[in-house]
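One structure below.
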Protein chains: 2
Amino acid sequence: MIFSCKPKLVLTDKQKTLIEKIGISYESEGLQPVAGRILGLLYVSDNPHLTFDEITEALQISKSATSNGINLLLQMQRIEYITFSGDRRRYFRLKVSNWREEFKHKIEVMAGFNSLMREVLALRTKETPEYNERIKELADFLDYVFQQLPLLLQQWDQEKTRKS
Amino acid sequence: MIFSCKPKLVLTDKQKTLIEKIGISYESEGLQPVAGRILGLLYVSDNPHLTFDEITEALQISKSATSNGINLLLQMQRIEYITFSGDRRRYFRLKVSNWREEFKHKIEVMAGFNSLMREVLALRTKETPEYNERIKELADFLDYVFQQLPLLLQQWDQEKTRKS
DNA sequence: CATTAAGTTCATAATTTTATGAACTAAAAA
DNA sequence: TTTTTAGTTCATAAAATTATGAACTTAATG
């Protein structure tokens, strides 16, 4: 083996703190703790490509925890990996460009809630018109947002193109 | 005591199913199961005002679970209650009109994540300009959305006023 | 004054989530 | 062929979350 006595990944205290903060932020959105911290690490680490072992060591977690976390994030399309011939390891990195998909996904979650509101409206007694009207207002607003957000994305793209 | 041999709250199967679905939806956003189900019940129930006991019975949960759930939801401003003189019970109801606040709150959560991204940018090595640029793009987009969403609310209000 | 009604509190039980370490696999290197 | 590397799998341990029931509180009723 010719290459790569890779210098061991060392993190400053600031980096560690920020990784934790990012981890907690993802955790509070429902992601598993380890997975959130892996994302944090990939955001913060000087090298955007990290191996399985580097992740395991940097976060001081077990190999199984790393394995779980990585596979979850791969499946969620939050990370991906590249390889180099003659090197069996995978080099994981964020799919940062994927924020578009994430954004759309969030909109879909919102839409899912809204379809529940429509079910509520269909099922509710007609004896409470004011109350039903308020639920309808909520549903209508969500529809409105749902309809406008893709436009926002478009406008953003246009501004980008104009600038470059 | 003169009044109110209230007819016992009975739920159809459809209602029960929808309550569960709404409960799960809230649960997946991080709310406690019982709290999510209480919200579901208040959405679905013919009577939008329910007492502590009605909630306990309808959901078949313990008094302490009801107490916890209700207090959490009160504190989160997701429900409120009214009272009638000569009746010690509280009548709980959704703060449906509160979706505005919720919406704003979600935007704030997004903004919180974004400030983490700004921290990341400040801390990252300058050796990876392309990568940093992609993170910056994400942060900029989130800023853009953050700035545009209140405008959406305004536009919605205007449309509303125009209609009525 | 005793009782009931409307809840709250708290210790504990049940469940779920998360992480671990040891054993395993499959491919590459020696 | 043996060893090493890069992981995976699985049984279990540890921790956190949730729900329960019994005892308690506080105000109103009889």
Side-chain angles (χ1 to χ4, degrees), chain A residues 1-6 8-9 20 23-24 26-41 49-76 79-93, chain B residues 1-6 8-9 19-20 23-24 26-41 49-76 79-92:
Chain A
M1 160 114 50
I2 306 168
F3 36 159
S4 92
C5 121
K6 276 188 94 179
K8 200 187 153 193
L9 173 57
E20 282 312 293
I24 287 170
Y26 277 112
E27 209 177 320
S28 75
E29 282 182 36
L31 200 60
Q32 295 175 1
V34 162
R37 261 137 264 239
I38 292 176
L39 291 180
L41 175 62
H49 293 93
L50 298 181
T51 64
F52 188 101
D53 269 336
E54 284 174 320
I55 294 170
T56 305
E57 284 210 12
L59 297 181
Q60 303 265 53
I61 54 181
S62 67
K63 289 209 292 174
S64 22
T66 308
S67 181
N68 274 332
I70 278 176
N71 288 322
L72 176 64
L73 293 171
L74 281 172
Q75 188 204 309
M76 292 175 80
I79 62 174
E80 62 190 348
Y81 61 86
I82 53 173
T83 50
F84 302 98
S85 65
D87 184 349
R88 196 146 44 115
R89 287 168 294 183
R90 293 176 292 177
Y91 289 79
F92 298 97
R93 68 178 173 199
Chain B
M1 162 119 44
I2 307 168
F3 35 159
S4 91
C5 121
K6 273 189 95 177
K8 200 186 153 191
L9 174 57
I19 290 169
E20 282 312 293
I24 288 171
Y26 276 112
E27 209 176 320
S28 74
E29 283 182 35
L31 201 60
Q32 293 174 3
V34 162
R37 260 138 266 241
I38 292 176
L39 291 180
L41 175 62
H49 294 92
L50 299 181
T51 65
F52 188 101
D53 270 335
E54 283 173 321
I55 294 170
T56 305
E57 283 211 12
L59 297 180
Q60 303 266 53
I61 55 182
S62 65
K63 287 208 293 174
S64 22
T66 308
S67 181
N68 274 332
I70 277 176
N71 288 322
L72 176 64
L73 293 170
L74 281 173
Q75 188 204 309
M76 294 175 78
I79 62 174
E80 61 190 349
Y81 61 87
I82 53 173
T83 51
F84 301 97
S85 65
D87 184 349
R88 195 147 43 116
R89 287 169 293 184
R90 294 176 292 176
Y91 290 78
F92 298 97

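Just so it is clear: chains get the letters A, B, ... in the order the sequence lines come, proteins before strands, and each one is counted from 1.
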Checking all strands, does B/N68 fall into the base, sugar-phosphate, or nothing category for heavy-atom contacts under 4.0 angstrom?
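If one applies the 4.0 Å heavy-atom cut-off, B/N68 turns out to touch nothing in the nucleic acid.
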Reckon B/I70 touches a base, only the sugar-phosphate, or nothing at all at heavy-atom distances under 4.0 Å?
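Nothing: the residue B/I70, judged by heavy atoms under 4.0 Å, touches no strand.
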Closest listed nucleotide, where the reference is the side chain of [X] and the choices are [options]:
X	options	answer
A/S64	C/dA19, C/dG21, D/dG7	C/dG21
B/I61	C/dA19, C/dT8, D/dT20	D/dT20
A/S62	D/dA6, C/dT8, C/dA19	C/dA19
B/K63	C/dT8, D/dA6, D/dT18	C/dT8

For A/F52, look at atom CZ and say whether over 12 heavy atoms of other residues, nucleotides or ligands are found less than 6.0 Å away.
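Yes - once you tally the heavy atoms of other residues, nucleotides and ligands closer than 6.0 Å, there are more than 12.
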Is the base of C/dA5 touched by the side chain of B/R88 through a donor-acceptor pair closer than 3.5 angstrom?
yes
Could you check how far [atom1] of [X] sits from [atom2] of [N], rounded to whole Å?
X	N	atom1	atom2	answer
B/N71	C/dC10	CG	C1'	15 Å
B/Q32	C/dT16	CD	C1'	14 Å
A/L74	D/dA6	CG	P	17 Å
B/E27	D/dT18	CD	P	8 Å
B/L72	D/dT17	CG	C1'	13 Å
A/L59	C/dT20	CG	P	10 Å
A/Y26	C/dT18	OH	C1'	20 Å
B/Q60	D/dG21	CD	C1'	16 Å

Apply side chain to side chain contact (heavy atoms under 4.5 Å, CB included) to the pair B/L39 and B/I79, showing each step before the final yes or no.
CA-CA 8 Å; B/L39 291 180; B/I79 62 174; 3.9 Å; yes
Tell me whether the side-chain N/O atoms of A/S67 come closer than 4.0 Å to OP1 or OP2 in D/dT8.
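Yes, within the criterion.
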Would you indicate, yes or no, if C/dT8 has its OP1 or OP2 atom less than 4.0 angstrom from a side-chain nitrogen or oxygen of B/R90?
yes
Exactly one of B/L31, B/N68, B/I19, B/I55 should register a side-chain contact (heavy atoms from CB on, under 4.5 Å) with B/I38. Which one does?
B/I55
Among A/I82, A/L50, A/L74, find the residue that satisfies the side-chain contact (heavy atoms from CB on, under 4.5 Å) test when tested with A/R90.
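Testing A/R90 for a side-chain contact (heavy atoms from CB on, under 4.5 Å) against A/I82, A/L50, A/L74 leaves exactly one candidate, A/L74.
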Any side-chain heavy-atom pair of B/T83 and B/Y91 under 4.5 Å:
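Not touching, per the 4.5 Å side-chain cut-off.
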